[in-house]
Protein chains: 2
Amino acid sequence: MNIGDVAERSGLPAKTIRYYEDIGLIRPKRDANGYRAFDERDLHKLTFLARARALGFSIEDCRALLALYEDDSRASADVKRIAERHLAQIDAKIADLRAMRATLAHLVEACHGDDRPDCPILEDLGAGVRRDA
Amino acid sequence: MNIGDVAERSGLPAKTIRYYEDIGLIRPKRDANGYRAFDERDLHKLTFLARARALGFSIEDCRALLALYEDDSRASADVKRIAERHLAQIDAKIADLRAMRATLAHLVEACHGDDRPDCPILEDLGAGVRRDA
DNA sequence: CCTTGACCTTCCAGTAACTGGAACCATTAG
DNA sequence: CTAATGGTTCCAGTTACTGGAAGGTCAAGG
């Protein structure tokens, strides 16, 4: 398979696949003409990576997960640890975003949004500053 | 004020303040010795930026908001439009994260996490691949 | 045989918003 | 005089790609 084939089958852009080779996530063979020659195993790994990335795992997490995936004597605890850490990060991000969202929604609601200059959003952003200079 | 003073008062690292000058968000004067000389107006802007960034606005949004803030004849609708677009982006991000979280939480729960190799998390990630080669 | 088009290659640069570190200058206290 | 503190610039690295240029390869059509 050429890169276009695995790109289509894995759902990953060809550019991304080349990048994954660059950083050592995959090591496809090469044809005589220099083209990358992917086998089923490579495609499998790429699909694995696409799914893991879609779940928000970092590249380094993906590297670790892929290593565990290929290690038949792995402990599932190692996998679970990575996933739980990631889950905690997702929760933290969601909490951050919800806090932002709450404040921002409040401000947006308070802003009449017409052609007059007074605006609670800007007032809030500019608040908390000493004008005592 | 030197950069250390405004860093402390605005809550922004000095590095970040220099960066904000680099990209033209602020233009502090300079003392004879080359040190940046911040006035109250600069500090005010930095505080504004710190708050806007904390609400997740991009630097370019911050640049636009700051321009509106300084424009006495602005229309609040312009501000509101930026804020609403950002709010929509936050909502989209939260939705993405919640979807990830749901899938991941499910998998984590299913994984016993001991020293045995079988692991539903890896099974899921490796799923959807033809082994027909 | 030649051309056209699709596909492949490498390499360089840019994205967002900083952050770390090196090498060096200024100011002040002891 | 020296040491500590805090300022300066500039370069590189971070994350995970993405775009684009310049050029090689291959199959089909005339």
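Below, chain A is the first sequence line, B the second, and so on; all start at residue 1.
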Asks: Given C/dT9, D/dG19, D/dC17, identify the nucleotide with an atom nearest to the side chain of A/Ile59.
Replies: D/dC17
Asks: What is the nucleic acid contact for B/Tyr20, judged by heavy atoms within less than 4.0 Å: base, sugar-phosphate only, or nothing?
Replies: sugar-phosphate
Asks: Between D/dT18, C/dT10, D/dT25, which nucleotide has the shortest distance from any of its atoms to the side chain of A/Arg36?
Replies: C/dT10
Asks: Rounded to whole Å, please give me the gap between CG in A/Leu49 and P in D/dC17.
Replies: 9 Å
Asks: Using atom OH of B/Tyr35 as one end and atom P of D/dT9 as the other, report the distance to the nearest whole Å.
Replies: 11 Å
Asks: Between C/dG21, D/dT9, C/dC18, which one does the side chain of B/Arg30 approach most closely?
Replies: D/dT9
Asks: Could you pick out which residue, B/Gly34 or A/Phe57, lies toward the 5' side of DNA chain D when each is mapped onto its nearest nucleotide?
Replies: B/Gly34
Asks: Using atom OH of B/Tyr19 as one end and atom P of C/dG20 as the other, report the distance to the nearest whole Å.
Replies: 15 Å
Asks: Less than 6.0 Å separating the ring centroids of B/Phe38 and B/His44?
Replies: no
Asks: Taking the side chain as everything from C-beta on, heavy atoms only, tell me whether A/Arg63 gets closer than 4.5 Å to A/Ile23.
Replies: yes
Asks: Does the side chain of A/Thr16 get closer than 4.0 angstrom to OP1 or OP2 of D/dT18 through an N or O atom?
Replies: yes
Asks: Between B/Arg27 and B/Glu21, is there a side-chain N and carboxylate O pair less than 4.0 Å apart?
Replies: no
Asks: In plain terms, say whether A/Arg36 and A/Asp31 are close enough for a salt bridge, that is, a side-chain N and a carboxylate O under 4.0 Å apart.
Replies: no
Asks: Return the value, rounded to whole Å, for the distance between atom NZ of A/Lys93 and atom P of D/dT15.
Replies: 13 Å
Asks: In whole angstrom, give the distance that lies between atom CG of A/Asp22 and atom P of D/dC17.
Replies: 12 Å
Asks: Whole angstroms only, please: what is the CD1-C1' distance between B/Ile26 and C/dC18?
Replies: 14 Å
Asks: A/Ile3 near the nucleic acid: base, sugar-phosphate alone, or nothing, with a heavy-atom cut-off under 4.0 Å?
Replies: sugar-phosphate
Asks: Would you tell me if any nitrogen or oxygen in the side chain of B/Asn33 comes within less than 4.0 Å of OP1 or OP2 on D/dG7?
Replies: no
Asks: Using a cut-off of strictly less than 4.0 Å, decide whether A/Arg53 has a side-chain nitrogen or oxygen near OP1 or OP2 of D/dC17.
Replies: yes
Asks: With the side chain of A/Arg18 defined as its heavy atoms from C-beta on, choose the nearest nucleotide among D/dA16, C/dA17, C/dT10.
Replies: C/dT10
Asks: Which whole-number value in Å describes the distance from B/Asn2 CG to C/dC25 P?
Replies: 19 Å
Asks: What is the distance, to the nearest angstrom, from the CD1 atom on A/Ile17 to the P atom on C/dT9?
Replies: 10 Å
Asks: What's the spacing between A/Asp118 CG and A/Glu123 CD if we round to 0.5 Å?
Replies: 7.0 Å
